[in-house]
S.K.: 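Once you've had a glance at the structure underneath, I'll fire off some questions.
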Amino acid sequence: MKDAARTPRRLLLAAGLFACLTPMAVGTAAQAELQWQPPADTQAAPTTSSTPVTGGTSPLLPPGSTSMPLASGFDAARFEAMAQAVVANQRVPGLAMAIVHKGEVISARGYGITDVSAAEPVDAHTVFRLASLSKPFAGTVTGLLVAEGSLRWDSNVADFMPALRFSRPDAAGKLTVADVLSHRVGLGRNTYDRDIERNADYRNLVQRLADAPMTCGVGECYSYQNVAFSLVGDVVFAATGQFFSEAVTGRIFKPLGMDDASYGLEGIRASPRWAKPHVRAGGGWRSLTPKPTYYRIAPAAGVNASISDMAQWLIAQSGRRPDVLPPPLLATLQQPLVSTPREMRSSGWRRERLNDAGYALGWRVYDYAGHRVVFHAGAVQGYRGLMALMPDRDLGVVVLWNGESSLPTGLLPTILDSAIGLSPQRWLDVDLQEVDELQLADAAAHERATLSAGRASVSDSRGSGGSARSAAKPH
């Protein structure tokens, strides 16, 4: 949950990198221009499809552009073997990874176990706590309300929360919805996060924002927040009469078929199978009972989801579910509003690969070796995760794991490098010979399963008089 940089109110980020975005105003001074309205033809003939639009050019690319193919040698099976190597010998208790391309799931699997004390295998429907991977859901549901006309990006938060106060007398009246979602509130970094970790009540902390020091004026600088970010939940409730979690469930989870997804501690505990959080203990791992702390700020950190859910989320954020998330709205959500240069120094792969970094409406946006990447990471006690979209390759990746380890983070740059054909780097600390062996073993197991399914299909078809047809599909 941890993550300020003073910047101009209007930001021009790497013109070549972001030129592919739909042109829209980005500064708070012109927030009215951020309001998205569906095109007239969309209103007249709404899309009713409930399945992803597959193939063709990425809907997020500008007209006339075409998606570039994945570089030769991109091998999802090898990445699966790498994920398996990560959990080998309980280097990490459990992990789930999904890769989507052109609206299709090319891999969505679990690895390792849910709990070292009561081991069950992680599968595609094992639920993980998402931590700050929840923030794009907050930005997206707000965008849908803007599309409905219930809100504007330049709506003043104080209009929905009249009692809101900051230490500067005029600050609360200037704060807009877009400022909240892009961390331009003006408070110091991670204001009151330590209090959340000590079980403080969210409502009390909102009142205490009146005493919190401000490092800049509203909209004038970036400073990562969790408590202040969650003000958007109060805005959603005031605008719709729905609790924030209900708004996300009805507008995002259900339409996208995210059947394992939920909010809060009660939600994860009610899941048929969920991954327990783990911390280091001696030479191994110890599983914990999840804390309710950050669940109290649902917009910032309240979502639980399986890797199957997250694959559908990435497909939708890729513009492949226009019936739920129209591409013009996504272009607004994924447009950087403020520069975040310290992001380029926060890890080895960022230092090596990032040329620029900014924050949009619930999303980070990177120049990754000349390619736009839409990204977010999350961490809370015993859980970690990260996800990324690369629009020019129409690729999405998400990795979730249930141990306090940085090891799995290397999967993401490994996959992105492969997608664009960069020379391999050792971002991931695994034995490559072990990966080779695991990949061969997995391929052999898959071949046996395919043959077995084929024989069963032939037997069934002979008995029924139908034609022989295998039901097996490659993962």
S.K.: Take atom CD in Glu246; do more than 12 heavy atoms of anything else shown fall under 6.0 Å from it?
M.R.: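 Yes - once you tally the heavy atoms of other residues, nucleotides and ligands closer than 6.0 Å, there are more than 12.
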S.K.: Is the side chain of Arg269 donor-acceptor paired with the backbone N or O of Trp274 at a distance under 3.5 Å, no angle test?
M.R.: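 A pair under 3.5 Å: no.
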S.K.: Name the one of Ile420, Asp417, Ile99 that satisfies side chain to side chain contact (heavy atoms under 4.5 Å, CB included) with Phe74?
M.R.: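 Filter result, single survivor: Ile99.
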S.K.: In Å and rounded to the nearest 0.5 Å, what is the OG1 to CE distance from Thr249 to Met258?
M.R.: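 If we round to the nearest 0.5 Å, Thr249:OG1 and Met258:CE are 9.5 Å apart.
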S.K.: Apply side chain to side chain contact (heavy atoms under 4.5 Å, CB included) to the pair Asp442 and Arg109, showing each step before the final yes or no.
M.R.: CA-CA 13 Å; Asp442 198 32; Arg109 294 178 57 182; 2.9 Å; yes
S.K.: So, the side chain of Tyr383 versus the backbone of Ala275: is there a donor-acceptor pair under 3.5 Å, distance only?
M.R.: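 Flag set: sc Tyr383 to bb Ala275 pair under 3.5 Å.
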S.K.: Answer yes if the side chains of Thr126 and Glu120 hold a donor-acceptor pair under 3.5 Å, and no otherwise.
M.R.: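 Looking only at side-chain atoms, Glu120 and Thr126 do not form any donor-acceptor pair under 3.5 Å.
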S.K.: Ignoring hydrogens and angles, tell me if any N or O in the side chain of Glu434 forms a donor-acceptor pair with the backbone of Met82 under 3.5 Å.
M.R.: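 Answer holds: no.
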S.K.: Please check this pair: side chain of His278 against backbone of Lys276, looking for a donor-acceptor N/O pair closer than 3.5 Å.
M.R.: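 Answer holds: yes.
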S.K.: Do the ring planes of His183 and Tyr222 sit parallel (below 30°), tilted (30 to 60°) or perpendicular (above 60°)?
M.R.: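 Perpendicular: the ring planes of His183 and Tyr222 meet at over 60°.
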S.K.: Taking the side chain as everything from C-beta on, heavy atoms only, tell me whether Tyr359 gets closer than 4.5 Å to Leu337.
M.R.: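 No. Closest side-chain heavy atoms not under 4.5 Å.
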S.K.: Do Tyr295 and Glu266 touch side chain to side chain, with heavy atoms closer than 4.5 Å?
M.R.: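 Counting from C-beta outward, Tyr295 and Glu266 never come under 4.5 Å.
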S.K.: Do any N or O atoms from the side chain of Ser318 and from the backbone of Asp394 form a donor-acceptor pair under 3.5 angstrom?
M.R.: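 Here the side-chain-to-backbone pair does not exist.
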S.K.: Ignoring hydrogens, what is the shortest heavy-atom contact between Leu333 and Gly139? Give both atom names and the distance.
M.R.: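 Looking at all heavy atoms of both residues, the shortest contact is CD2-O, 3.3 Å.
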S.K.: Can you tell me how far CZ of Arg129 sits from CG of Leu400, rounded to the nearest 0.5 angstrom?
M.R.: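 Result: 13.5 Å between the selected atoms.
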S.K.: Could you tell me which non-hydrogen atom of Met387 sits nearest to which non-hydrogen atom of Leu314, and how far apart they are?
M.R.: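 Smallest interatomic distance, heavy atoms only, reads CB-CD2, 4.4 Å.
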S.K.: So, for Val105 and Ala108, which heavy atoms are closest and what is the spacing to 0.1 Å?
M.R.: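 Minimum heavy-atom separation between Val105 and Ala108: CG1-CB, 3.7 Å.
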S.K.: Looking at Tyr192 and Ala200, would you say the former's side chain and the latter's main chain have a donor-acceptor pair under 3.5 Å?
M.R.: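 No; judged by distance alone, with no hydrogens or angles, the pair does not exist.
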S.K.: If you round to the nearest 0.5 Å, how far is CD1 of Ile315 from NE2 of His101?
M.R.: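 Rounded to the nearest 0.5 Å, the NE2-CD1 separation comes to 11.5 Å.
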S.K.: How many angstroms lie between atom CG of Leu130 and atom CE of Met310, to the nearest 0.5 angstrom?
M.R.: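 Those atoms lie 5.0 Å apart.
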S.K.: Counting C-beta onward and ignoring hydrogens, is there a side-chain heavy-atom pair between Asn304 and Tyr263 closer than 4.5 Å?
M.R.: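 Side-chain contact under 4.5 Å: no.
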S.K.: So, do Val236 and Gln242 sit near enough that their side-chain heavy atoms are less than 4.5 Å apart?
M.R.: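 No - every pair of side-chain heavy atoms lies 4.5 Å or more apart.
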S.K.: Can you name the closest pair of heavy atoms from Trp349 and Trp427 and give their distance?
M.R.: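 Smallest interatomic distance, heavy atoms only, reads CA-CZ3, 3.5 Å.
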S.K.: Does any N or O in the side chain of Ser182 come within less than 3.5 Å of the main-chain N or O of Ala178, such that one atom is a donor and the other an acceptor?
M.R.: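 At least one qualifying donor-acceptor pair exists.
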S.K.: Would you say Val53 and Pro322 make side-chain contact, with heavy atoms under 4.5 Å?
M.R.: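 Sidechains of Pro322 and Val53: in contact.
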S.K.: Is there a side-chain contact between Val279 and Trp285 in this structure, where contact means two heavy atoms from C-beta onward sitting under 4.5 Å apart?
M.R.: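 No - every pair of side-chain heavy atoms lies 4.5 Å or more apart.
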S.K.: Could you check whether any side-chain N or O of Ser223 sits under 3.5 Å from a backbone N or O of Leu187, counting only pairs where one atom can act as donor and the other as acceptor?
M.R.: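 Such a contact is found between Ser223 side chain and Leu187 backbone.
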S.K.: Do the side chain of Ser67 and the main chain of Ser58 share a donor and acceptor less than 3.5 angstrom apart?
M.R.: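 Yes; at least one donor-acceptor contact below 3.5 Å.
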S.K.: Taking it one step at a time, do Glu404 and Arg280 satisfy salt bridge (Lys or Arg N to Asp or Glu O under 4.0 Å)?
M.R.: CA-CA 7 Å; Glu404 293 190 337; Arg280 294 286 185 185; over 6 Å; no
S.K.: Answer with yes or no after comparing the ring centroid distance for Tyr224 and Phe229 against a 6.0 Å cut-off, counting only values under it.
M.R.: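 That pair fails the under 6.0 Å test.
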S.K.: Does the side chain of Pro277 come within less than 4.5 Å of Gln381's, by heavy atoms?
M.R.: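 SC-SC contact between Gln381 and Pro277 ruled out.
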S.K.: Which residue is it: Leu145, Val141, Val180? I am looking for the one with a side chain to side chain contact (heavy atoms under 4.5 Å, CB included) to Val232.
M.R.: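 The option that passes is Val180.
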S.K.: Does one side chain, of Gln334 or Gln317, offer a donor that lies under 3.5 Å from an acceptor on the other?
M.R.: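 Yes, because at least one side-chain N or O of Gln334 sits under 3.5 Å from a partner of the opposite role on Gln317.
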S.K.: Could you tell me whether the side chain of Asn402 and the main chain of Thr114 form a donor-acceptor pair under 3.5 Å?
M.R.: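 Answer holds: yes.
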S.K.: Determine whether more than 12 heavy atoms belonging to other residues, nucleotides or ligands lie under 6.0 Å from atom CZ of Arg350.
M.R.: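 Count over threshold, so yes.
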S.K.: With a 6.0 Å cut-off (strictly less than), is the heavy-atom count around CG of Asn89, excluding the residue itself, greater than 12?
M.R.: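 No, CG of Asn89 has 12 or fewer neighbouring heavy atoms, counting only those of other groups under 6.0 Å.
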S.K.: Which pair of heavy atoms, one from Arg320 and one from Gly56, lies closest together, and at what distance?
M.R.: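 Scanning both residues, the minimum pair turns out to be NH2-O, 3.4 Å.
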S.K.: Answer whether the closest heavy-atom distance between the side chains of Asn226 and Asn190 falls below 4.5 Å.
M.R.: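 Contact flag for Asn226/Asn190 side chains = yes.
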S.K.: Any idea which heavy atoms bring Pro255 and Arg321 closest together, and the distance?
M.R.: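 Heavy-atom minimum between the residues: O-NH2, 3.0 Å.
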S.K.: With a cut-off of under 6.0 Å to the ring centre and 45° to the axis, is Arg353 in cation-pi contact with Tyr366?
M.R.: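 Judged by the rule (NZ or CZ under 6.0 Å from the ring centre, within 45° of its axis), Arg353 is not positioned above Tyr366.
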